Amino acid sequence: MWDGTIRLKEVIEESGGVSTVSSKSGQSVSSINNWLRGTEPKFTALADIAAATKANLNWLATGEGPMRIGEEAQMDDDHFPCVPRYDVSASCGNGVFVDEAPILDKIPFTKDFMRKKLARSSTEGLILLDADGDSMEPTIHDGALIMVDTKRTNLTSAIYAFTYDGALFVKRLNHLPDALEVKSDNKEYSPFVIDKHQMNAFKVIGRVVWVGHMI
C-alpha cells in the first residue's frame, strides 16, 4: 500500500473534498478515491494534486518538508514534528480560560507516533493543554497533557475542548434534541446541559485525540 494515503487524505479534506480537488486538478474522482484506498498514483498525477491544493509536492510524495510551500516545517533541530503547548489550563473541574494564551513551549513527537497513533502526517492544527481538576478521572488525570485536534470540530459522542461562558473545559459531549449534554467521566460530577438558547456562549476548540499521564 502506498504510504502517502494519509497525506493525500489530509490535503484533500483541507482543500474542499474529493470533488473539488478533482475539478481543480483534472484528475477523476474515481482515480482519487483509488489513491485514497492505497493505490499509488503516478508522479505526474501527484503534481496535479499538489498544484490544485497548493501543497508541497515533495511533502505529498515523500512526507519530507512542510505541507504547504512557503510554510516553515514544524520541526525541531532533530527533525521531530513539534506541537505547541499553550499557557492555559483546560478545566476538568470548574474551568479557567485565558484569551490569546501565549505558547509555553513546543513538544516534539516522532513521525512514527503521528502516523500510527494519530493517522496524521503533520502537526498542523494540533495544540497541547494542561488538564486541571479531577472531573475526567480516570480518563484524564489532574495535570495531564492533553492533545487537541482543532481541525476536528464536528461534534460526535467524544471528548472535546470547548469554551462555555468564557471558561475552557474538557468534557464528553453528547447530542440531545436541541441541546448538548456535557458529561464528566468522574461519576461524582453531575452532567449539565447547554440548550439551544445558550449556544451563543459555546464554542468548540477541537477534539481530544491523545492524553499523556504522569504516574
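Keep in mind the model is a prediction, meaning the values are calculated, not measured.
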Is any side-chain heavy atom of [X] less than 4.5 Å from a side-chain heavy atom of [Y]?
{"X": "V11", "Y": "V21", "value": "no"}
{"X": "I127", "Y": "T150", "value": "yes"}
{"X": "L168", "Y": "I205", "value": "yes"}
{"X": "M147", "Y": "F109", "value": "yes"}
{"X": "D149", "Y": "L118", "value": "no"}
{"X": "I146", "Y": "D130", "value": "no"}
{"X": "V18", "Y": "L36", "value": "yes"}

Where [X] and [Y] come nearest, the two heavy atoms and their spacing:
{"X": "H141", "Y": "A131", "result": "O-CB, 3.6 Å"}
{"X": "W35", "Y": "E40", "result": "CD1-C, 4.2 Å"}
{"X": "Y160", "Y": "N154", "result": "OH-O, 3.0 Å"}
{"X": "T5", "Y": "G38", "result": "OG1-CA, 3.6 Å"}
{"X": "T20", "Y": "S15", "result": "CG2-O, 3.5 Å"}
{"X": "M136", "Y": "S184", "result": "SD-CA, 3.8 Å"}

Please report the C-alpha distance between F169 and F162 in whole Å, then the side-chain angles of each, then the deciding distance to 0.1 Å, and finally whether the ring-ring contact (aromatic ring centres under 6.0 Å, His included) criterion is met.
-> CA-CA 5 Å; F169 293 91; F162 61 93; 5.7 Å; yes

Transitively linked via ILVMFWY side-chain contacts under 4.5 Å: V209 with I6?
->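 Per the 4.5 Å side-chain linkage, V209 and I6 are not co-clustered.
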
What's the separation between atom [atom1] in [X] and atom [atom2] in [Y], rounded to the nearest 0.5 Å?
{"X": "S19", "Y": "I12", "atom1": "OG", "atom2": "CD1", "result": "10.5 Å"}
{"X": "L8", "Y": "L46", "atom1": "CG", "atom2": "CG", "result": "7.0 Å"}
{"X": "D134", "Y": "E188", "atom1": "CG", "atom2": "CD", "result": "7.0 Å"}
{"X": "M199", "Y": "I194", "atom1": "CE", "atom2": "CD1", "result": "6.5 Å"}
{"X": "K54", "Y": "K24", "atom1": "NZ", "atom2": "NZ", "result": "6.5 Å"}
{"X": "I49", "Y": "S22", "atom1": "CD1", "atom2": "OG", "result": "8.0 Å"}

Full working for side-chain contact (heavy atoms from CB on, under 4.5 Å) between L126 and R120 | CA-CA 10 Å; L126 297 178; R120 271 176 154 270; 3.7 Å; yes

Please step through side-chain contact (heavy atoms from CB on, under 4.5 Å) for the pair F202 and L173, ending with a clear verdict.
-> CA-CA 12 Å; F202 169 87; L173 296 178; 4.0 Å; yes

Which one of T156, V148, T153 satisfies the side chain to side chain contact (heavy atoms under 4.5 Å, CB included) criterion with R207?
->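 Among T156, V148, T153, the one meeting side chain to side chain contact (heavy atoms under 4.5 Å, CB included) with R207 is T156.
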
Non-neighbouring partners of T62 that pass side-chain contact (heavy atoms from CB on, under 4.5 Å), sequence neighbours left out =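 Counting only residues at least two positions away or on another chain, T62 forms a side-chain contact (heavy atoms from CB on, under 4.5 Å) with N58, E64.
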
Which residues share a ring pair (Phe, Tyr, Trp, His ring centres under 6.0 Å) with F192, sequence neighbours left out |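 Counting only residues at least two positions away or on another chain, F192 forms no ring pair (Phe, Tyr, Trp, His ring centres under 6.0 Å).
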
Passing option when R37 is tested against T39, N33, N34 for side-chain hydrogen bond (donor to acceptor under 3.5 Å, both in side chains) |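 Only one of T39, N33, N34 forms a side-chain hydrogen bond (donor to acceptor under 3.5 Å, both in side chains) with R37, namely N34.
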
Within the distance-only criterion (no hydrogens, no angle test), does the side chain of [X] pair as donor or acceptor with the backbone N or O of [Y] below 3.5 angstrom?
{"X": "R85", "Y": "I107", "answer": "no"}
{"X": "R172", "Y": "D185", "answer": "no"}
{"X": "S25", "Y": "D48", "answer": "no"}

Lys NZ or Arg CZ of K171 over Y189 ring: under 6.0 Å, within 45° |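 Here K171 passes the 6.0 Å and 45° test against Y189.
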
Evaluation steps, side-chain contact (heavy atoms from CB on, under 4.5 Å), between N56 and M67 = CA-CA 6 Å; N56 179 351; M67 179 179 179; over 6 Å; no

Residue that, paired with K151, satisfies salt bridge (charged side-chain N to carboxylate O under 4.0 Å, His left out) out of E10, E14, E13 |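 The option that passes is E14.
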
